[in-house]
Amino acid sequence: MTGPVRHQIQAVYFAPDQIEAAVRLGLPAREPLRRFEEWATASGQDWALAVLHRCRALLETDWERAHEDFGAAVRLHAGSGRPWEAARTRLAFGERLRRERDKGSARPHLRAAWETFERLGARPWAERARTELRATGDTSSPAAPAEVLSALSPQELQIVRLAAKGLTNREIGAQLFLSPKTVSYHLYRAFPKLNVASRAQLAGLDLS
């Protein structure tokens with residue numbers, strides 16, 4: 001990178017995080033906004049301008065102006081090739097919409113954020129988005145892995161892990177010194193907890 005932006009890499013990486021942290025703590029963040037605004041404007045890159053709009057929206061107390069900035073950010077993110085930043089914007093937008101009691105409008109943004117974070121393997125961010133999504137009344141997102149696994153008994157967890165690997169009831173029983181009938185009973189109890197209806201669906205779950 002050359003020109004007026006080449007010496008301001010810190011603004012790219014840290015200013016948006018500083019702004020979000022400041023907002024959550026109720027602290028002023030005009031200086032990091034100024035630094036990032038200077039960099040983003042000089043760069044002219046859509047993703048950077050989108051993040052700038054997100055930062056402005058986070059700091060804006062007037063809902064109508066914040067809504068405009070969030071909308072501009074979402075539009076600029078489209079096709080920018082920065083799914084992580086786009087998901088963060090959608091999450092922030094969805095959170096604000098929920099706080100403004102517009103749950104119906106919040107859900108698509110929160111779901112998009114959750115799906116992107118899941119795809120990127122950003123577990124803490126995905127959990128944050130999932131929690132916000134459920135707070136809107138949407139219960140269609142699956143429970144977090146920790147919640148799912150904690151619902152199983154130790155023996156049920158052993159059995160479903162082996163079943164997910166393709167072992168038959170007889171093979172599982174031989175490993176755990178159980179009868180095939182007992183294995184079947186534990187699977188019958190575990191399936192509703194995991195929200196699955198067949199052994200084949202177990203392979204798609206994170207049971208680690």
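All values reported here derive from a predicted model rather than from experimental measurement.
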Quiz item: Should the pair Arg130 and Trp114 be classed as cation-pi, given the thresholds of under 6.0 Å to the six-membered ring centre and 45° from the axis?
Solution: no
Quiz item: Glu38 and Arg35: salt bridge (charged side-chain N to carboxylate O under 4.0 Å, His left out), yes or no, with the steps?
Solution: CA-CA 5 Å; Glu38 181 181 342; Arg35 288 189 286 107; over 6 Å; no
Quiz item: Between Arg30 and Leu59, does a side-chain contact (heavy atoms from CB on, under 4.5 Å) hold up when you go through it step by step?
Solution: CA-CA 9 Å; Arg30 294 299 172 185; Leu59 290 168; 4.2 Å; yes
Quiz item: Nearest 0.5 Å, what's the OG1-CZ distance between Thr116 and Arg88?
Solution: 13.5 Å
Exercise. Please step through side-chain contact (heavy atoms from CB on, under 4.5 Å) for the pair Glu156 and Lys193, ending with a clear verdict.
Key: CA-CA 10 Å; Glu156 287 170 351; Lys193 298 177 184 179; 3.0 Å; yes
Quiz prompt | Main-chain N/O of Glu37 paired to Thr41 side chain as donor or acceptor, under 3.5 Å | solution = yes
Quiz item: Is the closest side-chain heavy-atom distance between Leu176 and Gln158 below 4.5 Å?
Solution: yes
Self-check item: Straight-line distance of Arg189 CZ to Leu152 CG, nearest 0.5 Å
Solution: 10.0 Å
Practice problem: Return the minimal non-hydrogen interatomic distance between Ala113 and Ala87, and the atom names on each side. | Solution: CB-O, 3.5 Å
Quiz item: Considering only heavy atoms from C-beta outward, does the side chain of Arg123 approach that of Phe117 to under 4.5 Å?
Solution: no
Exercise. For residues Pro16 and Val51, report the shortest heavy-atom separation together with the two atoms involved.
Key: CG-CG1, 3.7 Å
Quiz prompt | His77 backbone acceptor or donor facing Ser80 side chain under 3.5 Å | solution = yes
Exercise. Name all residues meeting the side chain to side chain contact (heavy atoms under 4.5 Å, CB included) criterion together with Arg24; count only those two or more places apart in sequence or in a different chain, and write none if there are none.
Key: Glu20, Glu95, Arg128
Exercise. Determine yes or no for a side-chain-to-main-chain donor-acceptor pair under 3.5 angstrom, with Glu171 supplying the side chain and Thr168 the backbone.
Key: yes
Self-check item: Validation row: Gln175, Leu167 side chains within 4.5 angstrom (heavy atoms)
Solution: yes
Quiz item: Just wondering, are more than 12 heavy atoms of other shown residues or ligands nearer than 6.0 Å to OH in Tyr185?
Solution: no
Quiz item: Got Ile159 and Leu187 here, is their nearest side-chain heavy-atom distance under 4.5 Å?
Solution: yes
Exercise. Mark yes or no for whether Ser184, through its side chain, and Pro180, through its backbone, hold a donor-acceptor pair below 3.5 Å.
Key: no
Quiz prompt | Spacing of CD belonging to Glu60 relative to CG belonging to Leu58, to within rounding of 0.5 Å | solution = 11.0 Å
Quiz item: If we only count heavy atoms from C-beta on, is the His53 to Phe70 side-chain gap below 4.5 Å?
Solution: no
Self-check item: Test item: side-chain donor near acceptor, Arg54 and Thr89, under 3.5 Å
Solution: yes
Quiz item: Any idea which heavy atoms bring Phe36 and Ala48 closest together, and the distance?
Solution: CE2-O, 3.5 Å
Quiz item: Of all heavy-atom pairs between Leu49 and Ala40, which one has the smallest distance, and what is that distance?
Solution: CD2-O, 3.6 Å
Quiz item: Distance from Arg56 atom CZ to Ile19 atom CD1, nearest 0.5 Å?
Solution: 10.0 Å
Exercise. Walk me through it: do Val183 and Leu162 pass the test side-chain contact (heavy atoms from CB on, under 4.5 Å)?
Key: CA-CA 11 Å; Val183 172; Leu162 292 172; over 6 Å; no
Quiz prompt | Gly104 versus Pro108, closest heavy-atom pair with distance | solution = O-CD, 3.2 Å
Quiz item: Looking at OG1 of Thr182 and CD1 of Ile172, how far apart are the two atoms once the value is rounded to the nearest 0.5 Å?
Solution: 12.0 Å
Quiz item: Nearest heavy-atom pair of Ala66 and Ala57: which atoms, and what distance?
Solution: O-CB, 3.6 Å
Quiz prompt | 4.5 Å side-chain heavy-atom contact, Glu115 and Arg111 | solution = yes
Quiz item: Nearest 0.5 Å, what's the CD-CG distance between Glu68 and Asp62?
Solution: 8.5 Å
Practice problem: Before giving the answer on side-chain contact (heavy atoms from CB on, under 4.5 Å), spell out for Glu132 and Thr136 the whole-Å C-alpha distance, their side-chain angles and the decisive distance to 0.1 Å. | Solution: CA-CA 7 Å; Glu132 285 287 333; Thr136 68; 5.9 Å; no
Exercise. Anything under 30° is parallel, anything over 60° is perpendicular, the rest tilted; go ahead and classify Trp39 against Trp47.
Key: tilted
Exercise. Measure the shortest side-chain to side-chain distance between Phe93 and His67 over non-hydrogen atoms and say whether it is less than 4.5 angstrom.
Key: yes
Quiz item: Hey, are the side chains of Leu97 and Arg107 touching, using non-hydrogen atoms and a 4.5 Å cut-off?
Solution: no
